[in-house]
Amino acid sequence: MRKSSRLILALDETDREKALDIADAVSGTVDAIKINWPLVLSAGPEMITELSRRSDVICDFKVADIPNTVHLIVDGALGRGASAVIVHSFTGSDSMKEAVDTAAGRGNIYAVTEMSHPGGKEFTAPNAEALALVGVRCGVKGFIAPATRPDRIAAIRKVIGDREILSPGVGAQGGSASAAISAGADYVIVGRAIYKSDDPSKVAGDIADEIRTVL
Ligand code: O7M
């Protein structure tokens, strides 16, 4: 994934044509497009391939399963053109290692440490540093840490060295792109603020400009 605007679009739009229009409008600005179950369930897994012609595609399937199932999901996503897959780390080192081994030479694995919504404080936040350490040992490319709590991005950064941090929670969830980058995130992930706006290209450009002010 290139590291230019440091902005990743979370394309949770469920209308296939709208999703492709938005991808076309912002693919020159964003460094990657992240897709999740909403778009895959409405438009089919072929959207992975379709979008991979426009941008790097990160499959945010938050895989949380036994190693064999993890292998099948990661293999299927990368086989359709994804360049990265996101997994949960609470499943433990054997599942996470299986994801990393399956992706080796074909793509990257990112692991969730602490989630950005208020409920993320209940179980994920108290265990986030330990979860991140398991990810480091398993060789993941990077981690997901919350833009809604920039101090937690900084805390995760201390544990993971120079591995990447991708940070969701900007805009609709109240977080700020510049604050997340300043706290140590490499990229911010932005969904509704871009794909629900009247002018996704302009909003993406504005967020990229905001990020540039703190680099
Ligand atoms: O900007 P939004 O709130 O519309 O979208 C945020 C996206 O990031 C959406 O796709 C979420 O599923 C995802 N996300 C979070 O919002 N919080 C998290 O803690 C983790 C993720 C995520 O991307 O996990 C990999």
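Indexing begins at 1, ligand by ligand and atom by atom, following the structure's order. Note that the structure is predicted; figures quoted are calculated from it, not measured. FYI, the numbering just counts along the sequence from 1.
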In this structure, atom 6 (C) of ligand 1 is nearest to the protein heavy atom Gln173 NE2, 3.6 Å
Hey, what do you get for CZ (Arg53) to CG (Asp24), rounding to the nearest 0.5 Å? 12.0 Å
Heavy-atom contacts with Lys62 under 4.0 Å: which atoms of ligand 1 show up? List them by number with element. 12 (O), 20 (C), 21 (C), 22 (C), 24 (O), 25 (C)
Atom 11 (C) of ligand 1: which protein heavy atom is closest, and how many Å away? Lys34 NZ, 4.1 Å
Heavy atom of the protein closest to atom 12 (O) of ligand 1 (residue, atom name, distance): Asn36 ND2, 3.2 Å
Are any non-hydrogen side-chain atoms of Ile22 and Leu11 less than 4.5 angstrom apart? yes
Please could you name the atoms of ligand 1 that Val170 approaches to less than 4.0 Å, counting only its heavy atoms? 1 (O)
Ligand 1 atoms in contact with Met115 (distance to a heavy atom under 4.0 Å): 18 (C), 19 (O), 20 (C)
Between the side chains of Thr148 and Gln173, is a donor N or O closer than 3.5 angstrom to an acceptor N or O? no
Rounded to the nearest 0.5 Å, what separation is found between the CD atom of Glu13 and the OG atom of Ser42? 8.0 Å
Does ligand 1 have any atom sitting under 4.0 Å from a heavy atom of Lys196? no
With heavy-atom distances below 4.0 Å as the criterion, list the atoms of ligand 1 near Arg192. 1 (O), 2 (P), 3 (O), 4 (O)
Would you name the heavy atoms of Ile153 and Ile165 that are closest together and state the gap between them? O-CD1, 3.9 Å
Quick check on contacts: which atoms of ligand 1 are under 4.0 angstrom from a heavy atom of Ile86? 25 (C)
Check if Thr124 has a non-hydrogen atom at a distance under 4.0 Å from any atom of ligand 1. no
Atom 21 (C) of ligand 1: the protein heavy-atom neighbour that sits closest, reported with distance to 0.1 Å: Pro168 CG, 3.6 Å
Rounded to the nearest 0.5 Å, what separation is found between the CD1 atom of Ile33 and the CZ atom of Arg54? 8.0 Å
Between Asp75 and Arg106, does at least one N-O distance fall below 4.0 Å, as a salt bridge requires? yes
Atom 1 (O) of ligand 1: nearest protein contact (heavy atom, Å): Gly191 N, 2.8 Å
Should we count CG of Asp151 as having more than 12 external heavy atoms under 6.0 Å? yes
Which of the numbered atoms in ligand 1 are under 4.0 angstrom from any heavy atom belonging to Asp12? 9 (C), 10 (O)
Is there any salt bridge (Lys or Arg N to Asp or Glu O under 4.0 Å) pair reaching into residues 119-129, and which pairs are they, with sequence neighbours excluded? Glu129-Arg152
Of Ala172, Gly119, Ser116, Ala111, the residue with the heavy atom nearest atom 19 (O) of ligand 1 is Ser116
Atoms in ligand 1 with a heavy atom of Ala10 nearer than 4.0 Å: 7 (C), 10 (O)
In the hydrophobic clustering that connects Ile, Leu, Val, Met, Phe, Trp and Tyr at side-chain heavy-atom distances below 4.5 Å, which members other than Ile189 occupy its cluster, ordered by chain and number? Met1, Ile8, Ile58, Ile86, Tyr110, Val112, Met115, Ile144, Leu166, Tyr187
